[in-house]
Amino acid sequence: MLLVIDVGNSHTVLGVMKDGEVHQRWRISTIARSTDELGLLILQLLAHRGIAAADVDGVCLSCVVPSVLYAFEKASRRYLNQDALVVGAGTRTGMRVRTDNPREVGADRIVNAISAYARYNVAVVVVYFGTATTFDCVNDRGDYIGGAIAPGFHVSADALFARAAKLPKVEVERTAQVIGANTVAAMKAGLFWGYVGLVNELARRCKAELRAAEGTPRCIATGGMANLVGRACDEIEAVDEHLTLRGLQIIYERNRARSGRK
């Protein structure tokens with residue numbers, strides 16, 4: 001079994017891949033943990049689903065939080081007896097990154113782009129709902145060409161609460177209508193449908209720019225808010241909560257093939 005780990009700014013998603021599919025999946029907070037704390041947590045998660053450490057024969061991870069990367073790498077070696085493949089410079093991805101500075105593109109964005117292109121094999125826009133909401137574009141030749149970055153849904157909601165003294169903090173949810181009869185209802189409607197509008201417009205423009213040169217692109221969403229917000233967006237054609245995990249497996253397999261490992 002392959003353990004894949006996507007370390008984001010707010011949350012870390014771990015998955016066990018078996019026979020090409022997501023066998024198990026967990027979501028934990030991304031916080032500073034010691035190597036032993038992290039290693040024991042991983043073992044507990046695996047054991048809870050009946051998976052022994054010896055069943056894990058590979059580890060692949062992407063990380064956008066450098067301060068926690070060392071603990072993940074060391075925990076993998078100490079508790080799983082595996083040297084983790086960390087997606088970064090020098091990793092065989094099979095995707096050309098045609099941006100001004102390829103090294104500044106987050107590993108998670110490349111992983112998602114690879115996974116989406118492998119799924120559709122046409123030009124694609126990936127909308128990732130995380131701490132930031134990113135829009136990543138791949139042309140019909142499979143090249144990553146750039147994208148857009150917007151504040152994440154929760155970042156926007158927290159900013160509204162923090163900067164407006166009389167407005168309460170509200171739960172995130174889809175509302176039946178936009179016109180709210182009270183402050184809380186109005187805030188919920190504005191946050192949700194306002195954000196849907198942001199995502200739709202950026203996705204529409206990304207698709208239009210790709211369409212001008214690359215035919216008809218597809219748009220796929222993933223990340224923590226994808227099921228809630230993404231399914232309300234007309235420009236998003238599919239939601240795949242396992243997109244990043246599948247992308248990590250693809251990268252792991254490409255690097256294993258190059259190294260000759262079995």
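Heads up: numbering here begins at 1 and tracks the sequence. Since this is a predicted model, take the numbers as computed values, not measurements. The basis for the numbers below is simple: all heavy atoms, side chains too, and nothing from hydrogens, waters or symmetry mates.
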From [X] atom [atom1] to [Y] atom [atom2], the distance as rounded to the nearest 0.5 Å:
X: Cys233; Y: Glu201; atom1: SG; atom2: CD; answer: 12.0 Å
X: Leu69; Y: Cys63; atom1: CG; atom2: SG; answer: 4.5 Å
X: Cys137; Y: Arg109; atom1: SG; atom2: CZ; answer: 9.0 Å
X: Arg254; Y: Ile114; atom1: CZ; atom2: CD1; answer: 5.5 Å
X: Met1; Y: Leu46; atom1: CE; atom2: CG; answer: 9.0 Å
X: Tyr252; Y: Met17; atom1: OH; atom2: CE; answer: 12.5 Å

Q) Restricting to pairs with a member in residues 32-46, which pass side chain to side chain donor-acceptor pair (under 3.5 Å), not counting sequence neighbours? A) Ser34-Glu37, Asp36-Arg78, Asp36-Tyr79

Determine whether [X] and [Y] make a side-chain contact, defined as any pair of heavy atoms from C-beta on separated by less than 4.5 Å.
X: Cys60; Y: Val87; result: yes
X: Val172; Y: His154; result: yes
X: Leu2; Y: Val4; result: yes
X: Leu210; Y: Val124; result: no
X: Glu171; Y: Leu191; result: no
X: Thr99; Y: Ile145; result: no
X: Asn227; Y: Glu241; result: yes
X: Leu228; Y: Phe192; result: yes

Determine yes or no for a side-chain-to-main-chain donor-acceptor pair under 3.5 angstrom, with [X] supplying the side chain and [Y] the backbone.
X: Thr175; Y: Gln177; value: yes
X: Asp143; Y: Asn139; value: no
X: Asp55; Y: Ile51; value: no
X: Asn200; Y: Glu235; value: yes
X: Gln82; Y: Val59; value: no
X: Tyr117; Y: Asp140; value: yes
X: Ser156; Y: Gly152; value: yes
X: Thr91; Y: Thr93; value: no
X: Asn255; Y: Arg92; value: yes
X: Thr12; Y: Ile28; value: no

Q | Chi angles and distances behind the side-chain contact (heavy atoms from CB on, under 4.5 Å) call for Ile250, Glu253 | A | CA-CA 5 Å; Ile250 292 170; Glu253 295 294 340; 6.0 Å; no

Q. How close do Leu61 and Leu248 get, heavy atom to heavy atom, and via which atoms?
A. C-CD2, 4.0 Å

Test item: side-chain donor near acceptor, [X] and [Y], under 3.5 Å:
X: Thr30; Y: Ser10; value: no
X: Tyr144; Y: Asp136; value: yes
X: Thr222; Y: Asp240; value: no

Q: Describe, in one word, how the ring planes of Tyr195 and Phe153 are oriented to each other, choosing from parallel (under 30°), tilted (30 to 60°) and perpendicular (over 60°).
A: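 Because their plane-to-plane angle is over 60°, the rings of Tyr195 and Phe153 count as perpendicular.
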
Q: Take Asp6 and Ser62 through the side-chain hydrogen bond (donor to acceptor under 3.5 Å, both in side chains) test and state the conclusion after the steps.
A: CA-CA 5 Å; Asp6 173 34; Ser62 66; 3.2 Å; yes

(Q) side-chain contact (heavy atoms from CB on, under 4.5 Å) for Val239 and Ile220? Distances and angles first, verdict last. (A) CA-CA 6 Å; Val239 173; Ile220 187 169; over 6 Å; no

Inspect the surroundings of [atom1] in [X] and state if more than 12 heavy atoms from other residues, nucleotides or ligands are less than 6.0 Å away.
X: Arg231; atom1: CZ; value: yes
X: Asn182; atom1: CG; value: yes
X: Glu173; atom1: CD; value: yes

